[in-house]
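Comments concern the structure below.
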Amino acid sequence: MQKLVQSLKQAVVQAQQTGIFVSTTLPEIVVEHPQNPEHGDYASNLPLKLSRATGIAPLVIAQRLVELMPSMAEVDEVTVAPPGFINFTLRNDWLTEQVELIISKGASYSDINLGKGKRTQLEFVSVNPTGPLHIGHGRGAVIGSTLAKVLVAAGYSVAREYYINDTGSQINAFKRSLYARYQQCLGTAVELPTNGYFGNYLVDLAKEIFREQGDRFIKLPEEEAIQKLGEIGLNRIMEGIKRDLKLLDVNFDVWFSEQSLYRHGQYEKAMALLRDKGYITKKENAVWFVSTALGEDKDNVLVRSDGSPTYFASDIAYHYNKFLERQFDKVINIWGADHQGHVSRMRAVVSALGIDPERLKVIICQLVTLRRGEEIIRVSKRSGDLITLRELMDEVNPDICRFFFLSRSADSQMDFDLELAKKQSVDNPVYYVQYAHARIASILRLAREREINYEQGDVSLLTSEPELTLIRKMVLLPEIVETVANTLEPHHLPYYAQDLATVFHSFYKQCRVISEDKALTRARLKLVRAAQIVLSKTLHLMGMTAPEQM
RNA sequence: GUCCCUGUAGCUCAGUUGGACAGAGCGGCUGCCUUCUAAGCAGCAUGUCGCGCGUUCGAGUCGCGCCAGGGACGCCA
């Protein structure tokens with residue numbers, strides 16, 4: 001695709017130099033896949049764009065450009081189509097050579113060097129350790145972990161990070177709630193704090209700790225007991241979160257503690273920097289960040305009148321650490337819809353710290369509404385009335401969860417219908433895709449049993465329409481990787497996976513692989529092996545398994 | 001009141017950054033298993049792309065204004 005762009009560019013420049021049409025600023029050259037296969041593999045609307053600037057009829061421009069374009073090994077036919085498109089068709093022998101290429105690259109096929117090793121930090125999930133993960137968190141977790149895999153494939157160096165909010169008022173409320181539940185275990189009638197956590201998981205947690213450690217915390221001074229018990233509780237919750245993430249195949253390189261920002265001085269340094277630059281003011285007994293100086297609606301509190309720093313202040317220190325200490329080229333944060341208001345604030349801070357805000361990307365994941373058929377299940381952590389990610393995975397396997405979460409763009413709210421997810425366990429796009437892989441594995445198994453060596457298979461025998469259609473789809477994966485890495489939208493992957501499975505199933509029906517024709521068998525086995533590589537790579541990028549049999 | 005996201009087939013959603021006749025899965029209806037997995041294949045039906053203006057050779061896509069749903073506007077995180 002890049003080659004086509006280059007070659008078109010060359011043709012335009014030459015046309016301008018030879019005076020066929022006047023020099024104009026070059027419009028962005030777009031090469032895309034036409035919807036209609038009759039229009040070739042690639043198409044460009046460049047003549048239409050140039051027509052406006054030059055006043056020459058698009059078809060004339062198209063014809064001239066085609067004449068001026070250097071011929072390319074990949075391209076068979078270049079045609080001009082009204083109202084002014086240039087269509088390109090790939091050569092069959094170039095396509096079949098790709099089969100060899102894919103086999104020789106193996107699992108590294110579709111790895112590209114878009115990122116050029118740029119250091120990228122990807123922060124996601126980062127749920128407060130005050131309760132178990134619920135379904136909405138699963139969405140961010142799956143999107144984030146998939147993005148990490150794709151960015152790595154696209155040549156970025158990626159650090160996956162979970163920011164643990166292990167200090168602040170919510171944590172305090174958690175500790176006090178746990179202490180109250182613990183006292184209740186001993187039969188003391190105490191109320192939970194009004195801003196406390198009412199979920200049943202805290203009752204269970206208190207009982208668990210009581211079972212293991214007895215009543216020893218009750219004998220401590222209250223404040224000490226709250227802190228000690230609280231630390232144990234936080235660790236337990238965190239362990240649970242890590243377990244759940246692991247089940248979903250979500251892994252992290254760094255678990256970053258909010259507390260550490262205060263112990264290691266980032267907080268002080270970040271505040272000093274902002275103060276030096278004049279972005280900090282004191283009013284009403286509190287310390288404020290002057291967001292309004294950067295075009296925001298209102299200023300934001302950094303240090304409360306009681307002297308405690310806000311979450312916002314912590315996050316500033318954290319981003320100071322990300323950009324100025326650890327020197328990441330690019331920082332991506334995946335946040336829930338409830339953090340939407342936080343985005344422009346953080347942008348303002350980043351530029352206040354003297355960093356190009358373009359280096360900070362924030363992906364906002366819209367809410368997940370959980371349903372069982374008609375019944376809508378409200379997700380509220382405080383009341384404890386929630387469906388945990390764990391419960392979801394007890395009912396629906398991780399591959400289905402991942403595929404389902406990935407299939408919708410982060411921008412749109414999604415319904416997760418538990419009933420449907422379970423009912424569709426058979427008629428399910430996940431199985432449709434995995435089944436294609438299992439079929440391939442089955443063919444290759446049979447080839448092994450019959451000891452068919454296809455290393456010397458001649459791919460030029462692959463000339464039929466189903467074979468070429470399959471290859472055409474296979475060679476798109478590198479472009480998909482590029483698109484996902486550029487747009488940070490992993491939802492293109494499941495759609496590609498389905499398309500690929502479709503063309504494979506269709507090929508499978510029409511083309512018998514292992515047959516009497518020895519030469520064709522060897523060629524098709526190569527094709528099937530390459531298809532397996534591409535399909536399995538696609539599944540792995542999504543964090544899904546590629547089953548050998550089903 | 002201000003800001004953000006969404007509105008496309010009966011349902012759930014894509015639509016490659018403005019292109020060629022608007023797509024997929026599920027659901028519905030027809031056919032297809034003596035040969036590598038029928039969790040499959042081939043085909044049929046279904047649309048005022050929320051509404052209205054505008055920009056453009058060309059709009060589901062861009063701009064403005066409405067309507068509807070969700071979210072955010074804390075010295076919570």
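Quick caveat, the model's predicted, so the values are computed rather than measured. In what follows, chains carry the letters A, B, and so on, assigned in the order in which the sequence lines appear, proteins first and then strands, with residues in each chain numbered from 1.
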Given [options], which nucleotide is nearest the side-chain atoms of [X]?
X	options	value
A:Asn36	B:rA39, B:rC75, B:rC21	B:rC21
A:Thr487	B:rU12, B:rU16, B:rU17	B:rU17
A:Val30	B:rC76, B:rU17, B:rA20	B:rU17
A:His342	B:rA39, B:rA77, B:rG71	B:rA77

With a 4.0 Å limit, can you tell me whether [X] has a side-chain N or O closer than that to the phosphate oxygens OP1/OP2 of [N]?
X	N	answer
A:Arg345	B:rA72	no
A:Tyr435	B:rA39	yes
A:His492	B:rG15	yes

Taking the cut-offs as 6.0 angstrom to the six-membered ring centre and 45 degrees off its axis, would you call [X] and [Y] a cation-pi pair?
X	Y	result
A:Arg439	A:Phe504	no
A:Lys282	A:Trp288	no
A:Arg408	A:Phe404	yes

Polar pairs (N or O, both sides) under 3.5 Å between protein and nucleotides 4-7 of chain B?
residue, atom, partner, partner atom, Å
B:rC5, O2', A:Asp411, O, 2.1

* **Check: A:His33 ring centre within less than 6.0 Å of A:Tyr42 ring centre** =>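 That pair passes the under 6.0 Å test.
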
**Request:** Look at the side chain of A:Thr521 and the backbone N and O of A:Asp517, then say whether any donor-acceptor pair between them is shorter than 3.5 Å.
**Result:**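 Confirmed, A:Thr521 side chain pairs with A:Asp517 backbone.
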
Say whether, by atom type as modelled, one donor and one acceptor occur between the side chain of A:Ser257 and the main chain of A:Gln259 under 3.5 angstrom. yes

Short N/O separations, protein against nucleotides 54-62 of chain B, under 3.5 angstrom:
residue, atom, partner, partner atom, Å
B:rU56, O2', A:Arg52, NH2, 3.4
B:rC57, N4, A:Arg52, NH2, 3.0
B:rG58, O6, A:Arg52, NH2, 3.1

_Going by the glycosidic torsion and a 90 degree boundary from 0, is the base of B:rU17 oriented syn or anti?_
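This nucleotide is in syn.
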
(Q) Within 90° of 0 counts as syn, otherwise anti: where does B:rC33 fall? (A)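 Syn, angle within 90° of zero.
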
Roughly how far apart, to the nearest Å, are [N] and [M] at atom [atom1]?
N	M	atom1	value
B:rC53	B:rU61	P	14 Å
B:rC67	B:rG52	P	15 Å
B:rA14	B:rA24	C1'	7 Å

task: Determine, step by step, whether A:Ser291 and A:Asn300 satisfy the side chain to side chain donor-acceptor pair (under 3.5 Å) criterion, reporting the C-alpha distance in whole Å, the side-chain angles of both residues, the deciding distance to 0.1 Å, and the verdict.
output: CA-CA 7 Å; A:Ser291 317; A:Asn300 299 96; 2.7 Å; yes

Every stem of 3 or more Watson-Crick or G-U pairs under 3.5 Å that RNA chain B joins, in order of first number, is B:1-7 with B:67-73, B:10-13 with B:23-26, B:28-32 with B:40-44, B:50-54 with B:62-66

query: Is A:Phe85 stacked on the base of B:rG19 when the test is centres under 5.5 angstrom and planes under 30 degrees?
result: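 The ring of A:Phe85 is not stacked on B:rG19.
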
Record whether the side chain of A:Asn87 comes under 3.5 Å of the base of B:rA20 through a donor-acceptor pair of N or O atoms.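 By the distance-only test, yes, there is a pair.
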
query = Does the B:rC75 base have a donor-acceptor partner in the side chain of A:Ser305 within less than 3.5 Å?
reply =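 Yes, the side chain and the base share a sub-3.5 Å donor-acceptor pair.
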
Q. Is any side-chain N of the basic residue among A:Glu123 and A:Lys322 closer than 4.0 Å to the acidic one's carboxylate O?
A. yes

Q) If you find the nucleotide of RNA chain B closest to A:His39 and the one closest to A:Gly341, which residue's nucleotide is nearer the 5' end? A)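 In this pair, the answer is A:His39.
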
By nearest-heavy-atom nucleotide on RNA chain B, the more 5' of A:Arg408 and A:Gly168 is A:Arg408

- Query: Which value, rounded to the nearest 0.5 Å, describes the distance between A:Ser177 atom OG and A:Asn195 atom CG?
  - Reply: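 Interatomic distance, A:Ser177 OG to A:Asn195 CG, rounded to 0.5 Å: 7.0 Å.
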
Contacts of A:His342 meeting ring pair (Phe, Tyr, Trp, His ring centres under 6.0 Å) (sequence neighbours excluded), chain-then-number -> A:Tyr311, A:Phe312, A:Trp335

With sequence neighbours excluded, residues passing ring pair (Phe, Tyr, Trp, His ring centres under 6.0 Å) with A:Tyr318 =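 So A:Tyr318 forms a ring pair (Phe, Tyr, Trp, His ring centres under 6.0 Å) with A:Tyr163, A:Phe256.
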
Quiz question: by atom type and distance under 3.5 Å, do the side chains of [X] and [Y] form a donor-acceptor pair?
X	Y	result
A:Asn333	A:His319	yes
A:Ser515	A:Arg524	no
A:Asp411	A:Gln366	no

For nucleotides 31-36 of chain B, print each protein N/O atom paired with a nucleotide N/O atom at under 3.5 Å, atom names and distance only.
residue, atom, partner, partner atom, Å
B:rU35, O2', A:Arg512, NH2, 3.2
B:rC36, O4', A:Arg512, NH2, 3.1
B:rC36, O2, A:Ile514, N, 3.2
B:rC36, N3, A:Val513, N, 3.0
B:rC36, N4, A:Tyr508, O, 2.9
B:rC36, N4, A:Cys511, O, 3.2

Closest heavy-atom pair, A:Arg139 versus A:Ser409, reported as atoms and distance to 0.1 Å, is NH2-O, 2.9 Å

